[in-house]
Engineer: 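The structure that follows is given in the form of structure tokens.
Just so it is clear, the model here is predicted, and its values are computed rather than measured. One-based numbering along the sequence shown.
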Amino acid sequence: MFEKEQGLLIVVVAPDGPAAQAGLQGFNLVTKRFSQGGYTFEQKTVDPSHADLIQAVDGQPVRTADDLLACIEDKRPGDQVRLSIIRQNMQIEVPVTLGNPE
């Protein structure tokens, strides 16, 4: 996650993890291909425009990774939390069922 003044921007979501199962979104990896002089090249860039910004967990404001951890440290695997996120300039609530820490 990337700390911003407004909250935590999700960078990457584990493919089969609780965040992915809840539909949370991180940065997109964009691959552009182009040809020059008979050669084909790929350019990879990161697009953060579709990443979710976490602003609160169960109504508690979140600005840092420590804030997020404080909100969930007393929870157990299988407990559900409600994340307040900004996705493409819209605020939405997303329920997330916590998994086992790895």
Engineer: If you look at every heavy atom in E93 and P95, which pair is closest and at what distance?
Structural biologist: O-CD, 4.0 Å

Engineer: Checking N28 side chain against V30 main chain: does a donor-acceptor pair fall under 3.5 Å?
Structural biologist: no

Engineer: Closest heavy-atom contact between C71 and K75?
Structural biologist: O-CE, 3.9 Å

Engineer: Residues two or more places apart in sequence or in another chain: which of them pass side-chain hydrogen bond (donor to acceptor under 3.5 Å, both in side chains) with T40?
Structural biologist: S35

Engineer: Nearest 0.5 angstrom please: I92 CD1 to I85 CD1, how far?
Structural biologist: 4.0 Å

Engineer: Report the C-alpha distance between V94 and V96 in whole Å, list the side-chain angles of each, state the deciding distance to 0.1 Å, and finish with yes or no for side-chain contact (heavy atoms from CB on, under 4.5 Å).
Structural biologist: CA-CA 6 Å; V94 178; V96 178; 4.2 Å; yes

Engineer: In Å and rounded to the nearest 0.5 Å, what is the CZ to CD distance from F41 to Q36?
Structural biologist: 6.0 Å

Engineer: Checking the side chain of D58 only, and the main-chain atoms of V81 only, is there a donor and an acceptor separated by less than 3.5 Å?
Structural biologist: no

Engineer: Return the minimal non-hydrogen interatomic distance between G78 and T97, and the atom names on each side.
Structural biologist: O-CG2, 3.6 Å

Engineer: When rounded to the nearest 0.5 angstrom, what distance separates OG1 in T31 from CD in E42?
Structural biologist: 5.5 Å

Engineer: Starting from the C-alpha separation in whole Å, work towards a yes-or-no answer on side-chain contact (heavy atoms from CB on, under 4.5 Å) for D52 and I86.
Structural biologist: CA-CA 6 Å; D52 293 332; I86 300 292; over 6 Å; no

Engineer: Going through the distances and angles, do D66 and T64 end up as a side chain to side chain donor-acceptor pair (under 3.5 Å)?
Structural biologist: CA-CA 5 Å; D66 287 339; T64 67; 5.0 Å; no

Engineer: Any chance CZ of F34 has more than 12 other-residue heavy atoms, nucleotides or ligands included, within less than 6.0 Å?
Structural biologist: yes

Engineer: Is the count of non-hydrogen atoms from other residues, nucleotides or ligands lying under 6.0 Å from D16 atom CG greater than 12?
Structural biologist: no

Engineer: When you look at V11 and V46, which way does the side-chain contact (heavy atoms from CB on, under 4.5 Å) test go after all the steps?
Structural biologist: CA-CA 10 Å; V11 174; V46 175; over 6 Å; no

Engineer: With side chains defined as the heavy atoms from C-beta onward, is the minimum distance between L8 and L68 less than 4.5 Å?
Structural biologist: yes

Engineer: How far apart are the closest heavy atoms of A20 and P15, and which atoms are they?
Structural biologist: CB-O, 3.3 Å

Engineer: Provide the closest heavy-atom pair for L53 versus L9 in the form atom of the first, atom of the second, distance.
Structural biologist: CD1-N, 3.7 Å

Engineer: If you compare all heavy atoms of R87 against all heavy atoms of G23, which two are closest, and at what distance to 0.1 Å?
Structural biologist: NH2-O, 2.9 Å

Engineer: Hey, could you give me the CZ/CD1 distance between F27 and I10, rounded to the nearest 0.5 Å?
Structural biologist: 10.0 Å

Engineer: CD of Q55 to CD of Q6: how many Å apart, nearest 0.5 Å?
Structural biologist: 7.5 Å

Engineer: Please tell me if the side chains of P18 and L98 come closer than 4.5 Å, counting only heavy atoms from C-beta onward.
Structural biologist: no

Engineer: With rounding to the nearest 0.5 angstrom, report the CZ to CD distance, R82 to Q60.
Structural biologist: 15.0 Å

